[in-house]
Amino acid sequence: MSYNIAIDGPAGAGKSTIARRVAAEKSFIYVDTGAMYRAIALYLIRKEIRAEDTEAIKQTLSEIEISICYENGEQQVILNGENVSGLIRTEQVGNMASKTSALPCVREKLLELQRTLAREHDVVMDGRDIGTNILPDAQLKVYLTASVDTRARRRYLELREKGQECSLEEIRKDIEQRDYQDMHRKIAPLCQAKDAVFLDSSDLTIDQVVERIRGLCEGKK
Ligand code: DC
């Protein structure tokens, strides 16, 4: 039986950095489910379909095929045969993904892919509903969060490092809006699974969070 670690939490909590590190340490695969929602969002943006146009989205989903593969240990998202991993990291795609992931038809499309990956491999899977909905039997569930201020500051520094102009206040507003959307949608909203361990990374380094999860895997509370 495969070993599954589910890491859920809001945007900017550090899930992907932490999940990637834990996966590498344990020789598990890292599955970034947000990237799958982003790939669908990218397709819809390219087709100029609005997030509010549920009917058009429903009809368009049958044109979309999402899969993942790994290059040098890094997950690549393939959208209809095209590797879109480098194109999905924009705020526009993130916002579209947050809105369209509220639709049952969009979530249904990705559910089987995510469950199959976890059935066939030892995984660290991160997202919003992994512990609550996708992998209810995961051996370890972590709810990783950080204060809005911390998450906004981290994102701001990350963008500045990439040479992108940005405003801390704008980023903060974006994060708050995304939290609201992800936590208040009707299906599979972001929330802590009953059996998930709550981890606030506001005052912790990446190493400290990884250390904590390492301990949890070894059965320490
Ligand atoms: O983690 P991320 O920022 O790449 O995710 C983008 C959006 O996708 C997020 O705002 C909500 C959605 N998402 C989701 O609904 N369920 C998941 N398991 C992962 C992401």
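Start at 1 and go down the list; that is how both ligands and their atoms are numbered.
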*Asks:* Leu44 and Met96: side-chain contact (heavy atoms from CB on, under 4.5 Å), yes or no, with the steps?
*Replies:* CA-CA 9 Å; Leu44 297 171; Met96 184 71 168; 3.8 Å; yes
*Asks:* For the pair Asp8 and Lys141, evaluate salt bridge (charged side-chain N to carboxylate O under 4.0 Å, His left out) and give the outcome as yes or no after the intermediate values.
*Replies:* CA-CA 8 Å; Asp8 291 301; Lys141 298 179 186 177; over 6 Å; no
*Asks:* Quick one: does Gln114's side chain get under 4.5 Å of Arg119's, heavy atoms only?
*Replies:*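 Result no, sub-4.5 Å side-chain heavy-atom pair not found.
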*Asks:* Check each N or O atom of ligand 1 against all protein N or O atoms and list the pairs under 3.5 Å, with atom names and distances to 0.1 Å, one per line.
*Replies:*
unit_1: ligand 1; atom_1: 1 (O); unit_2: Arg128; atom_2: NH1; d: 2.9
unit_1: ligand 1; atom_1: 1 (O); unit_2: Arg128; atom_2: NH2; d: 3.4
unit_1: ligand 1; atom_1: 3 (O); unit_2: Arg38; atom_2: NH2; d: 3.0
unit_1: ligand 1; atom_1: 3 (O); unit_2: Arg128; atom_2: NH2; d: 3.4
unit_1: ligand 1; atom_1: 3 (O); unit_2: Arg178; atom_2: NH1; d: 3.1
unit_1: ligand 1; atom_1: 4 (O); unit_2: Arg38; atom_2: NE; d: 2.6
unit_1: ligand 1; atom_1: 4 (O); unit_2: Arg38; atom_2: NH2; d: 3.4
unit_1: ligand 1; atom_1: 10 (O); unit_2: Arg178; atom_2: NH1; d: 3.0
unit_1: ligand 1; atom_1: 10 (O); unit_2: Asp182; atom_2: OD1; d: 3.3
unit_1: ligand 1; atom_1: 10 (O); unit_2: Asp182; atom_2: OD2; d: 2.9
unit_1: ligand 1; atom_1: 15 (O); unit_2: Ser101; atom_2: OG; d: 3.2
unit_1: ligand 1; atom_1: 15 (O); unit_2: Arg107; atom_2: NH1; d: 2.8
unit_1: ligand 1; atom_1: 15 (O); unit_2: Arg185; atom_2: NH1; d: 2.8
unit_1: ligand 1; atom_1: 15 (O); unit_2: Arg185; atom_2: NH2; d: 3.1
unit_1: ligand 1; atom_1: 16 (N); unit_2: Arg107; atom_2: NH2; d: 3.1
unit_1: ligand 1; atom_1: 18 (N); unit_2: Thr33; atom_2: OG1; d: 3.0
unit_1: ligand 1; atom_1: 18 (N); unit_2: Arg128; atom_2: N; d: 3.1
unit_1: ligand 1; atom_1: 18 (N); unit_2: Asp129; atom_2: OD1; d: 3.0

*Asks:* Closest approach of Val77 and Ala39, non-hydrogen atoms and distance?
*Replies:*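 Shortest heavy-atom contact: CG1-CB, 3.7 Å.
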*Asks:* By side-chain contact (heavy atoms from CB on, under 4.5 Å), which residues pair with Glu65, not counting sequence neighbours?
*Replies:*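 So Glu65 forms a side-chain contact (heavy atoms from CB on, under 4.5 Å) with Asn80.
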*Asks:* Kindly indicate, with the supporting measurements, whether the criterion salt bridge (charged side-chain N to carboxylate O under 4.0 Å, His left out) is fulfilled by Arg107 and Asp129.
*Replies:* CA-CA 10 Å; Arg107 305 205 69 80; Asp129 65 333; 2.9 Å; yes
